[in-house]
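The shown structure was predicted, so the numbers you read here are calculated from the model rather than taken from an experiment.
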Amino acid sequence: MSTTFVRAVRARMITLLPSRSDLAEVRRDPRRDLLAGLTVAIVALPLALGFGVSSGLGAEAGLATAVVAGTLAALFGGSNLQVSGPTGAMTVVLVPIVARYGPSGVLTVGLMAGVMLVALAALRAGKYMQYVPAPVVEGFTLGIACVIGLQQIPNALGVPKPEGDRVLVVTWRAVEEFAKAPNWTAVGFAVAVAAVMLVGARWRPTVPFSIVAVIAATVVAQVAHLDAAEPIGGLPAGLPVPSLSFLDLGSLGTLLAPAVAVAALAALESLLSASVADGMTVGQKHDPDRELFGQGLANIAAPLFGGVPATGAIARTAVNVRTGASSRLAAFVHAAVLAMIVFAAAPLVAKIPLAALAGVLLATAIRMVEVGSLKAMVKATRSDALILVLTAGATLALDLVYAVVIGLVVAGALALRAVAREARFDQVPLDRGDHTAEEYALLAEHIVAYRIDGPLFFAAAHRFLLELTEVADVRVVILRMSRVSTMDATGALVLKDAVEKLERRGILVLASGIRPGQRQVLDSVGALELLRHEGREFATTPEAIRGARDHLGVAGVLPAIPAQKTSPKTTDAKEEPVR
């Protein structure tokens with residue numbers, strides 16, 4: 001390994017590590033950060049427990065993730081305001097992985113995903129988040145909200161979670177079980193907690209009603225001895241000793257695809273959450289590559305303590321910003337408070353009814369849906385509405401990664417179609433120049449000029465070929481190419497094919513105004529050499545017209561016209577300079 005490569009890697013890693021400016025931010029207003037961190041921890045506790053239960057690894061896994069991943073992401077992440085931990089979106093992906101590979105498979109997938117995120121950070125992949133269209137993000141969020149809500153139905157109805165990894169199937173089976181033996185106590189807890197959260201958020205947005213509702217539900221269940229309200233159950237009084245005992249090297253190949261899905265989701269949700277935090281503040285801007293690096297370290301460490309994969313959490317990050325956080329100290333305090341709860345209050349937390357946690361997550365799913373944003377996307381264009389609906393539907397029916405891929409593919413196809421429609425291929429009148437009316441009429445009879453506007457690439461090239469090869473009853477075709485904005489290999493090949501087809505019919509093709517940036521692609525497919533043959537390429541349109549006139553004169557089609565009458569300085573009122 002060369003010394004230069006080692007130095008480059010070392011320099012890159014230094015840019016991803018915390019700097020002195022981070023420490024300066026922490027010292028700016030520590031009191032506000034401490035208060036914000038405490039508030040976020042209160043909000044995060046029921047969410048961490050709920051998402052841990054929903055993932056299939058238990059409440060202790062959610063708490064371990066919130067503590068370990070939350071600490072490392074706060075220290076090494078690229079946002080001063082991001083709060084990380086278990087999320088509903090990640091839970092949606094983890095449920096089928098747990099069903100197929102078991103808890104050890106989930107821990108292995110999290111570890112592999114963490115390594116992938118660190119690699120993405122080293123490759124500077126964070127900047128590509130900006131290319132995800134807004135309708136994909138909105139559809140993705142709507143689909144996640146629906147899946148999170150449906151995942152809570154078994155606990156909200158107080159029935160054992162049915163077998164299956166498809167949320168719609170599991171929900172239907174849970175409803176069937178409830179119909180056989182209704183548990184109205186669990187339903188009451190879930191509905192009451194969700195209602196308190198939703199109404200309270202409108203009444204006093206700054207009050208963490210989730211923890212208030214959960215405490216109230218727990219007290220009622222204990223005082224009234226409501227056995228129908230099943231509690232979380234025993235929790236360890238502390239974090240487990242870090243271990244790699246779950247790792248089976250032989251299963252790495254099998255788990256590669258799920259790990260890629262988890263890494264992709266972690267990157268997408270974390271960078272989206274960091275962008276949301278930037279938009280809620282003035283003067284804050286996250287580093288996307290550092291954010292990926294921090295999330296990578298967090299996901300490498302969390303499985304060692306039995307935690308599930310983590311991402312940046314939009315809801316907790318928003319609470320962090322609204323309560324006045326100004327540095328990463330707030331996110332660190334949030335993780336520290338949760339750690340103290342794990343060590344000091346595990347027996348009390350174990351008594352929380354599962355139905356109460358289901359109510360918390362149902363309310364969270366409802367609050368994720370921004371009706372105003374959805375209406376705006378649907379009203380914007382038909383394409384935006386289609387992308388949103390497809391992404392949301394794929395999220396619900398398939399999984400999140402497929403949904404994002406489908407959304408991006410459809411968005412890309414629609415965008416290409418829109419760009420292709422901007423490409424124009426128009427017949428334009430010849431420049432009159434110094435020709436007399438009689439001379440101009442003779443030229444117009446045998447020469448036709450076309451101007452190509454916009455991109456000449458694979459999505460628009462074949463329409464160009466069809467129109468060009470239908471030219472008839474002329475001796476010379478002039479292609480004015482100065483307005484071609486971009487060209488790919490397909491466009492160049494189509495151009496070459498059109499020239500060859502016309503010349504087989506005895507029609508000479510001349511080109512003018514080829515830009516320097518397009519010469520390489522034309523040359524690579526042999527089109528440029530074809531146009532250069534016998535001087536068929538010209539710098540400007542007047543020069544091309546003179547070349548066409550000379551060709552017709554030599555062919556005896558037109559009488560000789562003095563060369564000086566066709567000035568190369570002729571200009572076109574529609575193009576400056578004329579090419």
Side-chain angles (χ1 to χ4, degrees), residues 41-63 66 86-88 91 95 145-162 167 170-204 207-235 315 338 341 345-369:
I42 293 172
V43 173
L45 176 60
L47 293 175
L49 295 170
F51 289 137
V53 172
S54 296
S55 70
L57 269 70
E60 62 273 18
L63 284 174
T87 64
T91 301
V95 169
C146 293
V147 174
I148 292 173
L150 291 173
Q151 281 181 340
Q152 309 317 309
I153 297 301
N155 285 336
L157 298 179
V159 300
K161 185 178 179 180
V167 66
V170 171
T171 300
W172 178 253
R173 291 175 179 172
V175 172
E176 289 180 331
E177 291 295 322
F178 179 80
K180 295 176 183 177
N183 184 344
W184 295 109
T185 301
V187 174
F189 275 125
V191 172
V193 170
V196 168
M197 286 183 61
L198 295 174
V199 174
R202 288 178 172 270
W203 179 50
R204 290 285 189 274
V207 178
F209 281 98
S210 59
I211 195 68
V212 173
V214 167
I215 291 174
T218 305
V219 171
V220 170
Q222 294 298 310
V223 172
H225 303 288
L226 298 175
D227 295 334
E230 182 184 355
I232 291 175
L235 290 175
L338 290 177
I341 292 173
L348 297 176
V349 172
K351 296 179 181 180
I352 296 175
L354 288 172
L357 291 182
V360 171
L361 298 186
L362 283 170
T364 301
I366 293 171
R367 294 176 63 182
M368 286 176 65
V369 179

**Complete:** Between the CG atom in L362 and the CG atom in L150, the distance rounded to the nearest 0.5 Å is 9.0 Å
**Between CE on residue M197 and CG on residue L361, distance to nearest 0.5 Å** =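 Rounded to the nearest 0.5 Å, the CE-CG separation comes to 8.5 Å.
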Indicate the atoms forming the closest heavy-atom contact of [X] with [Y], along with that distance.
X    : Y    : answer
A186 : N155 : CB-O, 4.1 Å
G149 : A365 : N-CB, 3.9 Å
P347 : K351 : O-CG, 3.6 Å
A66  : L338 : CB-CD1, 3.5 Å

Answer whether the closest heavy-atom distance between the side chains of [X] and [Y] falls below 4.5 Å.
X    : Y    : answer
V175 : L157 : yes
L357 : I352 : yes
P353 : T218 : yes

**Message:** Suppose we screen for side-chain contact (heavy atoms from CB on, under 4.5 Å). Which residues come up paired with W184, at least two apart in sequence or across chains?
**Reply:**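 With sequence neighbours excluded, W184 shows a side-chain contact (heavy atoms from CB on, under 4.5 Å) to F178, P182, V187, given in chain and number order.
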Please set out all donor-acceptor pairs under 3.5 angstrom arising from side-chain atoms of residues 42-59, sequence neighbours excluded.
unit_1 : atom_1 : unit_2 : atom_2 : d
S54    : OG     : G50    : O      : 3.0
S54    : OG     : Q152   : OE1    : 3.4
S54    : OG     : Q152   : NE2    : 3.2
S55    : OG     : G52    : O      : 2.7
S55    : OG     : L57    : N      : 3.4

**Fill in**
From the list V196, L198, V193, side-chain contact (heavy atoms from CB on, under 4.5 Å) with F209 holds only for V196
